[in-house]
Amino acid sequence: MPLEAMRYDITPTGLHYLLIHWDIPDADASTWRLAIGGAVERPFSLSMDDLRSRPSVTHTVTMECAGNGRAQLTPRPLGQPWLHEAIGTAAWTGTPLRRVLEDAGVRSDAVELVFTGADSGYQGDVLQDYQRSLTVADAMRPEVLLAYEMNGRPLEPQHGFPLRLLVPGWYGMTSVKWLTAIDAVTERFEGYQQSATYRLQQNEDDPGTFVTRMMPRALMIPPGVTDYPARRRFLPPGPVVLQGRGWSGRGSVERVEVGIDGVWNDATLEKPAGEFAWRGWSFPWDATPGEHELSCRASDTAGNGQPLDPVWNLGGFANNPVQRIGVTVQG
Ligand SMILES: Nc1nc2c(c(=O)[nH]1)N[C@H]1C(S)=C(S)[C@@H](COP(=O)(O)O)O[C@H]1N2
Ligand SMILES: [Mo]
């Protein structure tokens, strides 16, 4: 997502970032079925009409790829080389997953739900369907949706048409697109996308920890004008209002600070765009001629902040150092 698109509370659909491991699968909403099975009392399946006739709710959700910031790491981990732009906010409409699970009757010996997408391909030499799991408790949270609309229209093919899981607050890999099956399992799911990747590891042998909820991050809309293709920034001297967004999946963002050449001051916060969405911030700056480094950082109600420098891990996940923008102020 181009960072100037942070000017919108809700990211226009075509500007929302995309992460697609393999190919967008062919999907026909009229024949699509979601099968709920495994360790449940009453396995069943739902058509898109069935899903649409269930109670519907809309949540405005900021989603971020767990690999956002990866390209700033040295050595650069293998993976999508995101700088800062793997974010977006959308109004997602769907039916709460919880009620569907209650209808199926998840058995008391079930520990996780496995979500399967219709897409498949190779990763790490393993041919696989895209699958991720959640514990029963996380899957039962009221905000978790089986989403069929984005910004008031059916999902676009690239965002999971006709149906995706939407897990507010978690990094994007959790929100399985092109959802075809939900299976309750009695042992922890160890599929590729759950165990071989999306872990914070220092090396291949490090068991590490799971990547789960989004760490706080603030980003700034780069001020002034840029040059093509080097993308340096230029602006005239005088007053300018720096603006951006901050979010966290672990608590609400309660503070955003802006650094001008390493001197930090509080930004003014706007109301969040939704319970699970980013909030705008602004900071007036009197730009003086010369070279400057602008930066920003967010902290949340759970006490999480952002490091000044990137912290390396093998997969380059959950990397949330402060953003630094070099600007030249000149007449
Ligand atoms: N079935 C399926 N679901 C998926 C993916 C995928 O490749 N296949 N990518 C995941 C990742 S890594 C992210 S960050 C989000 C991106 O969602 P978006 O493309 O709608 O922004 O979808 C997730 N869900
Ligand atoms: Mo992602």
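Owing to the predicted nature of the structure, the values given are computational and were not obtained by experimental measurement.
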Original post:
Going through the distances and angles, do Leu97 and Leu146 end up as a side chain to side chain contact (heavy atoms under 4.5 Å, CB included)?
Top reply: CA-CA 6 Å; Leu97 171 64; Leu146 297 170; 4.0 Å; yes
Original post:
Should we say atom CZ of Phe234 is surrounded by more than 12 heavy atoms from elsewhere, each under 6.0 Å from it?
Top reply: yes
**OP:** Using modelled atom types only, decide if a donor and an acceptor are shared between the side chain of Thr226 and the backbone of Arg232 within a distance under 3.5 Å.
**Re:** yes
**OP:** Please identify each residue that fulfils ring-ring contact (aromatic ring centres under 6.0 Å, His included) with Tyr198, with sequence neighbours left out.
**Re:** Phe317
**OP:** Answer yes or no: are there more than 12 heavy-atom neighbours, outside Glu291 itself, under 6.0 Å from its atom CD?
**Re:** yes
**OP:** Please report the closest heavy-atom contact between Pro77 and Asn313, naming both atoms and the distance.
**Re:** CG-O, 3.7 Å
Original post:
With under 30° as parallel and over 60° as perpendicular, where do the rings of Trp285 and His292 fit, or are they tilted in between?
Top reply: perpendicular
**OP:** Measure across Pro43 and Gly37 and return the closest heavy-atom pair with its distance rounded to 0.1 Å.
**Re:** CB-CA, 4.2 Å
Subject >> Path from Tyr130 to Ile36 over hydrophobic side-chain contacts below 4.5 Å >> reply: yes
Original post:
When you check the gap from the basic side-chain N to the acidic O, do Asp300 and Arg217 get nearer than 4.0 Å?
Top reply: no
Original post:
Between the side chains of Ser282 and Gln243, does any donor sit under 3.5 Å from an acceptor?
Top reply: no
Subject >> Heavy-atom closest pair, residues Leu34 and Ala181 >> reply: CD1-N, 3.7 Å
Original post:
Taking atom CD of Glu275 as the centre, does the number of heavy atoms from other residues, nucleotides or ligands within less than 6.0 Å exceed 12?
Top reply: no
Original post:
Would you find a donor on one side and an acceptor on the other, under 3.5 Å apart, between the side chain of Trp247 and the backbone of Val61?
Top reply: no
Original post:
Okay, side chain of Thr62, backbone of Trp278: is any donor-acceptor separation there less than 3.5 Å?
Top reply: yes
**OP:** Evaluate the side-chain proximity of Asp138 to Trp170: yes if any heavy-atom separation is below 4.5 Å, no if none is.
**Re:** yes
Original post:
Linking I/L/V/M/F/W/Y whenever any side-chain heavy atoms sit under 4.5 Å apart, do Leu15 and Ile10 land together?
Top reply: no
Original post:
Do you know the tightest heavy-atom contact between Phe276 and Glu143?
Top reply: CZ-CB, 3.4 Å
Subject >> CA sep, side-chain torsions, deciding dist, call: Val258, Trp281, side chain to side chain contact (heavy atoms under 4.5 Å, CB included) >> reply: CA-CA 10 Å; Val258 173; Trp281 58 262; 3.5 Å; yes
Subject >> salt_bridge(Arg255, Asp266) N-O dist < 4.0 Å >> reply: yes
**OP:** Ignoring hydrogens and angles, state whether a donor on the side chain of Thr13 or Asn151 is under 3.5 Å from an acceptor on the partner side chain.
**Re:** yes
Subject >> Residue pair Val322 / Trp264, side-chain heavy-atom distance below 4.5 Å >> reply: yes
Subject >> ring-ring contact (aromatic ring centres under 6.0 Å, His included) involving Tyr148 - partner list, sequence neighbours excluded >> reply: none
Original post:
Do Leu19 and His21 come close enough that some side-chain heavy atom pair is under 4.5 Å?
Top reply: yes
Original post:
In Å, rounded to the nearest 0.5 Å, how long is the span from CZ of Arg279 to CZ of Arg245?
Top reply: 11.0 Å
**OP:** Might you point out which heavy atoms bring Met1 and Gly88 nearest each other, and give the distance in Å?
**Re:** SD-CA, 4.3 Å
Subject >> Minimal non-hydrogen separation, Val100 against Phe44, with atom names >> reply: O-CZ, 3.8 Å
**OP:** Without swapping roles, check the side chain of Asn320 against the backbone of Gly305 for a donor-acceptor pair under 3.5 Å.
**Re:** yes
Original post:
Counting only heavy atoms not in Glu41, do more than 12 sit closer than 6.0 Å to its CD atom?
Top reply: yes
**OP:** Show your working on side chain to side chain contact (heavy atoms under 4.5 Å, CB included) between Glu257 and Gln306 and close with a plain yes or no.
**Re:** CA-CA 11 Å; Glu257 294 161 279; Gln306 297 189 236; over 6 Å; no
Subject >> Lys/Arg cation over aromatic Trp92: Arg164, 6.0 Å, 45° cone >> reply: yes
Original post:
When you look at CG of Asp26, are more than 12 heavy atoms from neighbouring residues, nucleotides or ligands closer to it than 6.0 Å?
Top reply: no
Original post:
Hey, does Trp312 have a side-chain heavy atom less than 4.5 Å from the side chain of Pro75?
Top reply: yes
Original post:
Is it true that a side-chain atom of Arg297 and a backbone atom of Leu308 form a donor plus acceptor pair closer than 3.5 Å?
Top reply: no
Original post:
Can you tell me if Gln201 uses its side chain to pair, donor with acceptor, with the backbone of Asp206 under 3.5 Å?
Top reply: yes
Subject >> Residues, nucleotides or ligands: over 12 heavy atoms within 6.0 Å of Arg107 CZ >> reply: yes
Original post:
Checking salt bridge (charged side-chain N to carboxylate O under 4.0 Å, His left out) against Asp103, which of Arg42, Arg98, Arg54 comes through?
Top reply: Arg54
**OP:** Enter the distance from Ser248:OG to Arg213:CZ here, rounded to the nearest 0.5 Å.
**Re:** 9.0 Å
Original post:
When rounded to the nearest 0.5 angstrom, what is the spacing between NE2 in His16 and CE in Met150?
Top reply: 4.5 Å
Subject >> side-chain contact (heavy atoms from CB on, under 4.5 Å) partner of Lys177, the single match among Asp119, Ile20, Leu163, Leu166 >> reply: Ile20
**OP:** Would you please test Gln128 and Trp22 for side chain to side chain contact (heavy atoms under 4.5 Å, CB included) and show each step?
**Re:** CA-CA 10 Å; Gln128 55 189 290; Trp22 305 299; 3.6 Å; yes
